[in-house]
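Sequence lines set the chain letters: A, B, ... in the order given, protein chains first and strands last, and positions in each chain run from 1. The structure displayed is predicted, hence computed values, not measured ones.
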There are 2 protein chains.
Amino acid sequence: MADVPVSVMTRADEAFDCLQTAIVKGELAPGEKIGEVELCARFDLTRGPLREALGRLESRGLLVRRPHAGVKVVSVSAEELLELYRIREVMEGLAARQAAERMPEDEIRALQSTLDSHEHLIEQAKGQAYYQAEGDYDFHHRIATGSRNTKLAQMLLGDLYYMVRMYRYRLSTSAGRPHMALEEHRRIVEAIARRDGELAEFLMKRHINAARCNIEKKFQEGLLTF
Amino acid sequence: MADVPVSVMTRADEAFDCLQTAIVKGELAPGEKIGEVELCARFDLTRGPLREALGRLESRGLLVRRPHAGVKVVSVSAEELLELYRIREVMEGLAARQAAERMPEDEIRALQSTLDSHEHLIEQAKGQAYYQAEGDYDFHHRIATGSRNTKLAQMLLGDLYYMVRMYRYRLSTSAGRPHMALEEHRRIVEAIARRDGELAEFLMKRHINAARCNIEKKFQEGLLTF
DNA sequence: AAGGTTTGGATTGTTGACAATTTAAGCTTA
DNA sequence: TAAGCTTAAATTGTCAACAATCCAAACCTT
């Protein structure tokens, strides 16, 4: 009766997770050129598994790699960040529609209760942009998985969200409109609960479009520099 | 004045390309369990670069890997294939809209001329489903890059298309409707040339939806078994 | 004979050393 | 002094051997 390994983690998996979170949290700044040996020392790995993890991260677009010249963290421009939201708009719109068609009742209830806790968080800790962002991430995460579209969830959770979160740590994206965002979330869940896929898609697209406009406005005001 | 390397290919890159095309062409059947040493012998590599390539392919969803148990080619079910087309519908719709906004004139002309050659191919080699599929791929490829949305093109070209092509080799997807598909392509390019993004998006979504329905019908007829 | 257990083989994961390439500093030359 | 070339150090890419883990066949037990 030994310890049952819930999910065997290989060294390469560890390296992948470590690097991914390090990039998302900003410990490795965008555009920063990083050496392999330096990374090995930092995360206590050898170069074999590290290189495998680097390959995965490059394939996901979080790193760029020039042969014999080293790897550096990807740095997306302001325009590219806005383009990311255009992609989110259509993909998450689809996710919302399919979630309305297929999300189980218990998951919907769980989603509603998380919105309640988000409401408390907003009232309690005003200005805690970090936790608001995490709550927002949680909401979108649940809808992506609720769509029961394997590949869609994989692309959203494995590609786009990491990229978005990477910049949310710096931008505090939805900082200015917490109540409005929560209200929009409520409406979306409402549509899902009523199994109105068309409405859920429309509301989700408008929700993400609003977030994009919010960022765009901040850029135009010159408050954010990349 | 030595040979100038247009793009330095490392062994891992070679391995990645070889495996990717092998999977797409069906030389490695879906669900087939493949050993590392076998692959090394087959493509004349060592296990170091191979492992890096395997990591990349796993990250892109073409392989599934269980620790210490080996890798096997991903096998998607009929439902998952149809879900893939749902994703294509929204993403390529966006690509068409953005292409209408930003595709340079010369690229549009090149796209039109490729459609002309596709027409010749259809008339000449009737039933050559393979080349038709390649022409179809070429069309969607050009629009994806024409959108000038880096991440969108990356996701379409790097993820979805390989997966779709992998099954097109077996299904000959658009085999039954070559002229109709070409006509739809023409209309889409027309909308792009007129810079009518909204129409281009609508037409592209309908085009892909028609392809999905075509596959679905074949499944319901029981002609295709997975 | 059926089920569980054990052991051997094979395969994967990891490591450290070696080879190839790039970058940048240092020197020469116009 | 600035531009170009040379060279050397540092870094990346590659290789082959070693250790850890899983799978399957054979064995024993009930």
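- Between B/L50 atom CG and D/dC15 atom P there is a gap of 11 Å when expressed in whole angstrom units.
- Once rounded to the nearest 0.5 Å, the distance linking CD of A/E89 with CG of B/L94 reads 8.0 Å.
- Taking atom CD of A/E38 as the reference point, atom P of D/dA10 lies 15 Å away to the nearest angstrom.
- Here the P atom of nucleotide D/dT11 and the NZ atom of A/K72 are 17 Å apart, to the nearest Å.
- Taking the ring centroids of B/H185 and B/H118, they lie at or beyond the 6.0 Å cut-off.
- Between the CZ atom of A/R65 and the P atom of C/dT21 there is a distance of 17 Å, rounded to whole Å.
- Nucleotide D/dT12 holds its P atom 14 Å from the CD atom of A/E58, rounded to whole Å.
- Between B/H207 and B/H140, the angle of the ring planes stays under 30°, which puts this pair in the parallel group of the 30/60° scheme.
- Counting to the nearest Å, the C1' atom of D/dG13 and the NE2 atom of A/H68 are 5 Å from each other.
- In this model, a donor atom of one side chain and an acceptor atom of the other lie less than 3.5 Å apart for B/E83 and A/Q98.
- The distance between atom CD of B/E36 and atom C1' of C/dT14, rounded to the nearest whole Å, is 12 Å.
- With distances taken from any side-chain atom of B/A69 to the nucleotides D/dC15, D/dG13, D/dC23, the minimum falls on D/dC23.
- If you check every strand for non-hydrogen atoms under 4.0 Å, A/R51 touches a base.
- Contacts of A/G70 with the nucleic acid, taken as non-hydrogen atoms under 4.0 Å apart, involve only primed sugar atoms and P, OP1 or OP2.
- Taken from CG in A/L81 to NZ in B/K151, the straight-line distance is 12.0 Å, to the nearest 0.5 Å.
- You'll find a donor-acceptor pair under 3.5 Å spanning the side chain of B/R47 and the base of C/dG13, going by distance alone.
- For the OP1/OP2 pair of D/dT14 and a distance below 4.0 Å, the side-chain nitrogens and oxygens of B/T10 include at least one atom meeting the criterion.
- For D/dT21, the OP1/OP2 oxygens have no side-chain nitrogen or oxygen of A/R11 closer than 4.0 Å.
- The CD1-C1' distance, from A/I34 to D/dA10, rounds to 17 Å in whole Å.
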